[in-house]
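Numbered from 1 within each chain, the chains take letters A, B, ... in sequence-line order.
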Amino acid sequence: MVERYEPPAIEKKWQARWDEDRLYQVRDEEPRPKWYALTMFPYTSGDLHIGHWYNYAPADVHARYKRMRGFNVLHPMGFDAFGLPAENAAINRGVHPFTWTMQNIENMRRQLKSIGAIYDWDREVITCLPDYYKWTQWFFIKLFENGLAYRGLAPVNWCPRCQVVLANEQVESGRCWRCESDVVRRELEQWLFRITKYADELLDFNGIDWPERIKIMQRNWIGKSSGMEISFGLDHPGVAEKEIKVFTTRPDTVFGVTFMVLAPEHPLVSKITAPEKKKEVGAYVARSQRLTDIERLSTEKEKDGVFTGAYCVNRLNDTKVPIWIADYVLQSYGTGAVMAVPAHDERDFAFALKYGIPIIPVIEPPDGIVKSFAFPDTMKEGFEEELKMSGFEYKAAEIGGQFVTLHDEAQVKKYIQLMKAYLKPDNWNDIIGSPWLFFFSGKTGIETIALDSIESEAEILKRCKAIEPNVRNCRTAVEMLNNCEFYRDRLFHAEYGRMIHSGRFTGNRDGVNAVSAYLEEKGWGRRTVSYRIRDWLISRQRYWGAPIPMIYCEKCGIVPVPEKDLPVLLPETAEFRPTGESPLKYNDSFVNTNCPKCGGPARRETDTIDGFMCSCWYFLRYASPQYEKAAFDPAKVKRWLPVDFYTGGAEHAVMHLLYARFFTKAIQDMGLVDFSEPFTRLFNQGIIISGHQKMSKSRGNVVNPDEYVAELGVDTVRAYMMFIAPWEQGGEWDDSGISGISRWLHRVWDLAVENYHSLNNQEDQELIRLTHQTVKKVTEDIEKIRFNTMVAALMEFSNHLSRMKKAGSVSAVAWQSSLKTLLLLLAPTAPHLAEELWHRYGYQYSIHNQPWPQWDEALVTRDEFTLVVQVNGKVRDRLLVPASTTEVQAMQMAAGSTQVQSYLAGREISKRIYVPGKLVNFVLSKPGVQEGHSPSSPHSPSPSQGEGDKGGEVKP
RNA sequence: GCCGGGAUGGCGGAAUGGCAGACGCAGCGGACUUAAAAUCCGCCGGAGCAAUCCAUGUGGGUUCGACUCCCUCUCCCGGCACCA
């Protein structure tokens, strides 16, 4: 018996050898082209679960492949080491965050080493060490000096559980990204980064190869929308401001403004509120401050608000517009004020209905449908017959009367005539949609009033109430119409269309541009853009982060710490209590300092920097991790950056990935680097879930890879990760298939280790073909990141080898050469096994320094192929034919097939389809006669399946 | 609600306009063994004795031909969620 494959021993042996030989040490200066393959470094949470491995193992396979393809590959690893969990461990268990973090790193480094990756550990980066965070602080000062870091009073997202503020990106559906607590608002003075300055640049993804999905998420997050800032006149005694500015994307609806809504936090609120409304408004403002974002922004929550008692003026039609406040308007977007057009905005519509505010339609519905309800007993005898005769679409209402639907202007015109003729005295009728007309039949005839302004709205309502007691409690005309189900779909729409009821613009179809131009000409507005994205809030009221390197001096104000004094070290001792204030605040020896400018007494900033800033530049540090003179050695960054291939989870789409892009653009503008995008190609691998949930310690569903490694070997685990699904897909962790991979690697071992006895060389050509075919398939699959099919191809290849070995049907030379190729193809996936077998064959150490095998396209193609023969698109025969077969020959052979002939008998071929190298399809003309089929195929081959099974029985 | 992605055997998946189910797991049968494990060989979507038919979430369409392209609907996953 030959030696058995024993992975743990082999793996340990080769890892030690590689380590000793510094096989994976990366040299900066090499003639080979560079390849920077980066994978997102882990947060130091304690240990790596199988989900982490799913990030790292396939990334390493790809990097190893690139290495064999002749690239000088930098594939570094490090630790994202600042963050809340470390401090929470300190609070809960009394371990110092530093100790906790470094212990975790020890363990994680051990696990990472067991992967057998090509990480060059000399380049390890740990963000919580002073030699790293010194430069994080240095970058902060650079941003400050360039006007990109500023201190501001802002309503912030406060997580009551973590006792810390969060950036907008770190709030997920109103909850803290880390602990899922509901976030509340607080007004605090904080440090922010001016990411909004780069909003437009961040929208430009030219030159980078990123998944469409991530680009869309970033675009949505940035949320650029073009519109207008429109000024409404304000004339309030004692108030200096003479206008209220609103932001709108729909200037074409400006004639439909019937109220104005300010955010509760809007600075004008306290100034303009009428004395008798002060109490109510104050209470509303107080309440909205108290609510969490979840409560306040919940779409389930009914829109509510309060009238301030004040008015402004719509300059376009000189209408007085009541000013309300409501918390569905956000102070932080646009101007914090909106012009409400209830006829064409869903929220405004709901709000207006709730508070009885008039609704004036100003845009025609694009479907052109107009409705009218002929109320019971309002029409004279014979009206219905007239409707019928005129061909109108109508339906009898349950309560009597008719629902009439009109489809064009001619119908409307005709209907109006008809209706006027039949309307009984002292009644009214209306047509809704466009035009919007009310017809009142009085003593003197019929009077028509259009619902085109606040005044006419009031007049219409007054008259209706006079006629119909049932509508007396309606506050607006639309509220009255809204009682009728039939009208509902006409009362509100948000589409673009022809303007109506809009003075000089009535009839205009390009309202947005027309109104914009007019407002600009008048000086009442300007075209502008708004962004959803807000500046990045980076202050954290916590200990375990890089201290913000700023000093407050009473005389000199805010002064950055001079570079020579960096890093501002975290004091070793601090009291860790969840107070909501930085533990540094009460550390006198940290806080008290001297002003670098005037030397006088001063205080240090006690907040620390958001950990996401550390990961904004770690990819630069890897280029020269021990460099002491600066954050990075410019020559090395020039050599290695940008990252060629960045892999990691999609959960960072609008956090890390957006921040890192911003940061890179910012330092490019400072002249520190000469590229604008850090990651040329991004690939998001899928997530491994467990029990239908993301793996996390807190959920208690983590799967530890260590046991699999100990039992089956790391090569098996690596290959299994590659095999389970396409990498971008991920999925539920299920180890039931891992035995298949283990068996396969054992088979490969036996294949290579056991002696081969050649009996003949019958299959040499076939083996050569299969070898080249496999090289091609494996290479292309790795390039396309289709690792699962790559492993499948390797399995198929080794299955063929097994068969040939058993048969002894290839020469010893062909066998050796193919096996050598198999090992090379296997090297990235199963590096230890490949190295061991390579060594046993006596080939030169190391297999990982060998070039990737090439394939010869001429040898890949077979000299014969299976020609599929179809009749009416259904496969009826398969013929093995020479590769040189011509179309004519193929047709002849296909037609000659006995299988096929039974389908052709008595039928005419109307079309012959030929796909070279693949198939022939005979299309038959429609069956004329039922007989004429051979008894063996009684079914009609015609595609018409009407008769189904019962028609198929033909007794012989 | 809006924006993405997805649905294929018992399971993971393969096939991106041309042989549906590669490769693997599980299962079944056999060989070896005193026996078991391991290993090896065979079978393995459904119906049918068979010829053959049915089958890629639903319903329609385009095409000689559709898992693949287009439209409708259902369900699942991810993101955003009053952004005016």
Close N or O pairs between protein and nucleotides 18-20 of chain B (under 3.5 Å):
| unit_1 | atom_1 | unit_2 | atom_2 | d |
| --- | --- | --- | --- | --- |
| B:G18 | N2 | A:Q870 | OE1 | 3.2 |
| B:G18 | N2 | A:N921 | ND2 | 3.4 |
| B:C19 | O2 | A:R878 | NE | 2.5 |
| B:C19 | O2 | A:R878 | NH2 | 3.3 |

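Residue pairs meeting the salt bridge (Lys or Arg N to Asp or Glu O under 4.0 Å) criterion with at least one member in residues 741-750 of chain A: none, sequence neighbours excluded. Pairs of residues two or more places apart, or lying in two chains, never qualify as side chain to side chain donor-acceptor pair (under 3.5 Å) while including a residue from residues 910-919 of chain A. Evaluation of the salt bridge (Lys or Arg N to Asp or Glu O under 4.0 Å) test over residues 337-353 of chain A, restricted to residues two or more places apart or in two chains, returns A:D345-A:R347.
Here B:A81 is the nucleotide among B:A81, B:C64, B:A84 with the atom lying nearest to any side-chain atom of A:W221.
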For this session: Could you provide the dot-bracket string of RNA chain B, using ( ) for intrastrand pairs, [ ] for crossing pairs and | for bases paired to another strand, with Watson-Crick or G-U pairs below 3.5 Å?
Result: (((((((..(((.....[....))).(((((.......))))).(((....)))..(.(((..]....))).))))))))....
Seminar exercise, completed: Scoring nucleotides 1-15 of chain B by protein non-hydrogen atoms under 4.0 Å (B base, S sugar-phosphate only, - none) yields --SS-------BSSS
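In textbook terms, a nucleotide whose glycosidic angle is within 90° of 0 is syn, and B:G9 is one such case.
In this structure, A:K874 places its NZ atom 12 Å from C1' of B:A55, rounding to the nearest Å. Atom C1' of nucleotide B:C23 and atom CE of A:M795 are separated by 6 Å, given to the nearest angstrom.
Between A:R743 and B:C25, a side-chain N or O to OP1/OP2 separation shorter than 4.0 Å is present.
Taking the six-membered ring where tryptophan is involved, the planes of A:W727 and A:F787 are tilted, since the angle between them lies from 30° to 60°.
Using a 4.0 Å heavy-atom distance criterion, A:N799 is classed as a sugar-phosphate-only contact.
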